Amino acid sequence: MKILATVDGSELSESILGPLQKLAASCGMATIRLISVLDPADIPSLATAPMVGGGASPRGEKVADTERRLLGEIGARLQELAETLRAEKLEVETAVLTGKPFEAIEAEARSFAPDLIAMATHGRSGIAEQIMGSVTTRVLKAGLAPLFIVSPHQ
């Protein structure tokens with residue numbers, strides 16, 4: 001079984017890993033492709049955000065340098081998460097993608113051809129979802145593969 005799992009750096013998105021671990025273990029042979037997407041539109045606001053691990057972002061950092069730093073931080077976090085899953089004898093690949101989250105996930109799903117896509121949802125609904133959009137909803141509607149969703153309310 002091939003599983004495409006998405007995380008976005010939030011604790012909420014990483015809540016998919018526990019249920020995913022149980023699901024993958026119950027399937028026997030499973031390959032998990034763990035991805036995270038960096039949206040270039042978010043780079044200017046992330047330039048002033050604290051670094052992973054709590055350190056301050058470098059002042060006066062150029063956008064290209066910020067992007068390289070963020071890609072490195074995201075990649076390092078994905079490796080940490082992958083190691084947790086590998087410790088449970090699961091086969092895990094990682095990839096850091098850039099672009100609009102839905103478009104990057106869609107392209108990765110078409111390329112990887114997963115049997116299942118695993119995501120956490122932020123639990124927004126109604127007007128909040130309409131205004132902000134929902135990557136999970138868009139992935140679901142695209143019908144790229146069956147979707148395994150973990151909600152923050154469960």
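In what follows, residues are counted from 1 in the order of the sequence shown. It should be emphasised that the depicted structure is a prediction, and the values quoted were computed from it without experimental measurement.
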Between E108 and T6, is a side chain to side chain contact (heavy atoms under 4.5 Å, CB included) present by the stated rule, with each step listed? CA-CA 11 Å; E108 189 68 17; T6 68; over 6 Å; no
Which is it for L34 and L17 under the side chain to side chain contact (heavy atoms under 4.5 Å, CB included) test, yes or no, and what are the steps along the way? CA-CA 10 Å; L34 186 61; L17 298 178; 4.1 Å; yes
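Across all non-hydrogen atoms, the minimal contact from M1 to C27 is SD-SG, 3.4 Å. Residues P114 and A109 approach most closely at CD-O, 3.2 Å, considering heavy atoms. Smallest separation of non-hydrogen atoms from L90 and A24: CD2-CB, 3.8 Å.
Scanning for salt bridge (Lys or Arg N to Asp or Glu O under 4.0 Å) contacts around R138 gives an empty result, with sequence neighbours left out. In terms of the side chain to side chain donor-acceptor pair (under 3.5 Å) criterion, S36 has no residue partners (sequence neighbours excluded). Listed by chain and number, the residues in a salt bridge (Lys or Arg N to Asp or Glu O under 4.0 Å) with K100 are D39 (sequence neighbours excluded).
E93 and T31 share no donor-acceptor pair across their side chains, judged by distance under 3.5 Å alone.
Ion pairing between E73 and R77 fails under the 4.0 Å rule for side-chain N and carboxylate O.
In this structure, the separation between CG on L20 and CD on E14 is 12.5 Å, given to the nearest 0.5 Å. Expressed to the nearest 0.5 Å, how far CE of M119 lies from CD1 of I35 amounts to 8.0 Å. Distance check: L97 CG to I74 CD1 gives 10.0 Å after rounding to the nearest 0.5 Å. A distance of 11.5 Å separates CD1 of I117 from NZ of K2, quoted to the nearest 0.5 Å. Taken from CD1 in I16 to CG in L23, the straight-line distance is 9.0 Å, to the nearest 0.5 Å. If you take CD on Q79 and CZ on R86, they are separated by 5.5 Å, rounding to the nearest 0.5 Å.
Here the side chains of V96 and L70 are not in contact, with every heavy-atom distance at 4.5 Å or above. Looking only at side-chain heavy atoms (C-beta outward), D65 and R68 come within less than 4.5 Å of each other. Taking 4.5 Å as the limit, every side-chain heavy atom of V92 sits out of range of all side-chain heavy atoms of T84. Between L116 and P146, the closest side-chain pair of non-hydrogen atoms falls below 4.5 Å. Looking only at side-chain heavy atoms (C-beta outward), V135 and V139 come within less than 4.5 Å of each other.
Without hydrogens or angle criteria, S15 side chain to E11 main chain gives no donor-acceptor distance under 3.5 Å.
Shown are T121, T136, T137; of these, the side chain to side chain contact (heavy atoms under 4.5 Å, CB included) with L147 is made only by T136.
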